[in-house]
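Worksheet: the structure to be examined is printed underneath.
Whatever order the structure lists them in is the order used to number ligands and atoms, beginning at 1.
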Amino acid sequence: MILSPQHPLASRLTHDSRLVRAYRGERSDTTPVWFMRQAGRSLPEYRELRVGTRMLDACLDPAMAAEITLQPIRRHGVDAGIFFSDIVVPLKLVGVDVEIQPGRGPVFGSSYGDAAGVAELTRIDPATLDEAAGPIAEAVQRTVAELATLTSPGAPTSTPLIGFAGAPFTLAAYLAEGGPSKDHLAARTLMHADPGAWRALMDWTAELTGRFLRTQVLAGASAAQLFDSWAGALSLADYETHVVPASAAALAHVHDVEYEVPGATDAAGAPVRRAVPVVHFGVGTGELLGAMTSVGVDAVGVDYRVPLDVASARVGGGVPLQGNLDPALLAAPWPVLERAVRDVLGRGRVAPAHVFNLGHGVPPETDPTVLTRVVELVHEAGR
Ligand SMILES: O=C(O)CCc1c2[nH]c(c1CC(=O)O)Cc1[nH]c(c(CC(=O)O)c1CCC(=O)O)Cc1[nH]c(c(CC(=O)O)c1CCC(=O)O)Cc1[nH]c(c(CCC(=O)O)c1CC(=O)O)C2
């Protein structure tokens, strides 16, 4: 699907932003920055807005999800919004019994860690997500429309929105366990004990994830992030054998959504087209970084354990990187935090391009003024 400049969506696909250029491997006048979990409990305006509304109800209320997404952009001046949703939202939309317990996380009405559970789950057709995802498409459209009015001084274009989804393995880890777990034993046992059931589970989560991402990109998101937060629990061999095919299948749902790169033409004078960029992030993925690039992504998000120059070497040197300040340092004295930010920026220079981020989400108790100060530092030091 080609989104030409004439396409009603293209004007909102802010593909000339610092962020999207960085994901294409092009450096701008300054390093773009955003934070995972920038929307949420660290912001008083979020806590106030959420009073009396359950998490998943907030995610499925287009006006509220859009407003929550916009809050950190207005406050911090970050270079991207990350759509306020959650990795279990697509499961909820197709009728899986899941709720989010504050401070604990997603909890399911049952677990799907054996052949019988997988057979029950996969009786749900993932294609029903397209119909059910109306509130998500509307929330993205509302957010992108508002972002077009928030263009910050000097920015080449309005702030882009990043869509996101939990990757097939991380969703499968929650489904197999029935909720959060430390070591994801149920999922890791199933992949070896019953490869047929595991494959059926991963094919199902891959299609659901792909459709969820496609909904957000077609509604106006300018990039997408795939969170395989729990992939770090796997050996490289298990990740390559039992996870990579499903992540690649999920991303195949967005590879055909292209836009025309402004001002770029090929030898025949035709506009250059690029697919909407995808970033792949996981936690504890030091041994998996190279394999993560093989699922068909433009950039890799690095957690806080592997320095970016080391990560760059592990992905072959030619891949844009995102990250990777240790979130713990946000509560350290400013001179310590400033040194760490400058160190991340320095190491990020070895990659073709760098998007500054944390090595995982913003801790809920973070002082929001510190995040705003980090954005100012990155914009000044990241030139
Ligand atoms: O398993 C766990 O450790 C946490 C499980 C948990 C989830 N949603 C949750 C919780 C409870 C909690 O955060 O207190 C529940 C959850 N999800 C979210 C929030 C908002 C906040 O953090 O205060 C919250 C807390 C809601 C509340 O209690 O008010 C929203 C969310 N989850 C997520 C994102 C995407 C992002 O991080 O940027 C975002 C949107 C961020 C934004 O718009 O700025 C993604 C998410 N949700 C979830 C996961 C699984 C792995 C993980 O959390 O590390 C992941 C992927 C990840 O963060 O690596 C599941």
Side-chain angles (χ1 to χ4, degrees), residues 33-60 64-76 78 80-92 98-108 136 139-140 143 147 159 161-175 177-184 187 209 212-213 216 221 223-233 279-285 301-304 322-324 327 355 357-366 368 371:
V33 48
W34 66 276
F35 304 110
M36 289 182 280
R37 299 276 186 125
Q38 61 190 20
R41 291 158 295 180
S42 64
L43 303 183
E45 56 269 33
Y46 167 82
R47 299 195 298 266
E48 187 183 324
L49 185 59
R50 273 288 315 280
V51 170
T53 308
R54 291 184 310 170
M55 176 63 190
L56 288 176
D57 294 337
C59 293
L60 297 178
M64 187 175 281
E67 174 57 22
I68 293 173
T69 303
L70 292 161
Q71 286 177 338
I73 299 161
R74 292 194 198 103
R75 174 189 272 264
H76 301 313
V78 284
I82 173 90
F83 181 55
F84 181 76
S85 183
D86 193 79
I87 66 168
V88 299
V89 164
L91 296 172
K92 183 77 178 179
V98 58
E99 277 309 327
I100 290 186
Q101 286 180 10
R104 178 165 180 237
V107 178
F108 294 77
I136 299 302
V140 169
T143 306
L147 285 172
T159 306
L161 178 68
I162 305 170
F164 87 90
F169 172 73
T170 292
L171 285 188
Y174 272 104
L175 287 161
E177 204 75 43
S181 68
K182 282 190 312 299
D183 42 27
H184 319 296
T209 295
F212 190 56
L213 278 180
Q216 296 171 68
Q225 176 150 324
L226 191 66
F227 281 83
D228 209 351
S229 309
W230 302 134
V279 198
H280 199 16
F281 169 77
V283 179
T285 51
V302 185
D303 82 7
Y304 56 89
Q322 178 175 273
N324 70 330
V355 175
N357 206 317
L358 304 177
H360 199 188
V362 171
E365 62 283 353
T366 300
L371 292 170

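By the 4.0 Å N-to-carboxylate-O rule, R75 lies close enough to E45 to be salt-bridged with it. A salt bridge links R74 to E67: one of the charged nitrogens lies within less than 4.0 Å of a carboxylate oxygen.
When Q225, K182, R37 are checked for heavy-atom proximity to atom 48 (C) of ligand 1, R37 turns out nearest. Closest heavy-atom approach to atom 39 (C) of ligand 1 within the set G105, S85, G40: this belongs to S85.
Of the candidates F83, F227, F212, F281, F164 forms a ring-ring contact (aromatic ring centres under 6.0 Å, His included) with just one, namely F227.
When atom types are taken as modelled, the side chain of N357 and the backbone of W34 share a donor-acceptor pair closer than 3.5 angstrom. Under a 3.5 Å cut-off, the side chain of S42 and the backbone N or O of P368 do not form any donor-acceptor pair. Checking side-chain atoms of Q38 against main-chain N and O of A80 turns up a donor-acceptor pair under 3.5 Å. Judged purely by atom type and a 3.5 angstrom limit, T209 uses its side chain to pair as donor or acceptor with the backbone of G166. Judged by distance alone, the side chain of D228 and the main-chain N or O of G282 form no donor-acceptor pair under 3.5 Å.
The shortest side-chain heavy-atom distance between E99 and K92 falls under the 4.5 Å cut-off.
Remark: ligand 1 and P180 share no N or O pair separated by less than 3.5 Å (distance only, no angle test). For the pair T170 and ligand 1, the shortest N or O to N or O distance does not fall below 3.5 Å. Here's the thing with I82: one of its N/O atoms is less than 3.5 angstrom from an N/O atom of ligand 1. Checked by distance only, ligand 1 and W34 stay at 3.5 Å or farther apart across all their nitrogen or oxygen atoms. When only interatomic distances are considered, the shortest N/O to N/O separation between R104 and ligand 1 does not fall below 3.5 Å. For the pair Q101 and ligand 1, the shortest N or O to N or O distance does not fall below 3.5 Å. Considering backbone and side-chain atoms alike, W230 places every N or O at 3.5 Å or more from each N or O of ligand 1.
The shortest heavy-atom distance from P106 to ligand 1 is under 4.0 Å. Using a 4.0 Å cutoff on heavy atoms, I100 counts as a contact of ligand 1. In this structure, R47 falls outside the shell of residues with a heavy atom less than 4.0 angstrom from ligand 1.
Looking only at heavy atoms of the protein, atom 18 (C) of ligand 1 is closest to M55 CE, 3.4 Å. Looking only at protein heavy atoms, the nearest one to atom 57 (C) of ligand 1 is S229 OG, 3.2 Å. What sits closest to atom 17 (N) of ligand 1 on the protein, heavy atoms only, is D86 OD1, 2.7 Å. Nearest protein neighbour of atom 54 (O) of ligand 1, counting heavy atoms only, is H360 CE1, 3.0 Å. The protein heavy atom nearest to atom 44 (O) of ligand 1 is A39 N, 2.6 Å. Looking at atom 23 (O) of ligand 1, its nearest protein heavy atom turns out to be R41 NE, 2.6 Å. Regarding atom 1 (O) of ligand 1, its nearest protein heavy-atom neighbour is Y174 OH, 2.7 Å. Scanning the protein heavy atoms around atom 49 (C) of ligand 1, the nearest turns out to be I87 CD1, 3.7 Å.
W230 and Y174 have tilted rings, their planes meeting at an angle from 30° to 60° on a 0 to 90° scale.
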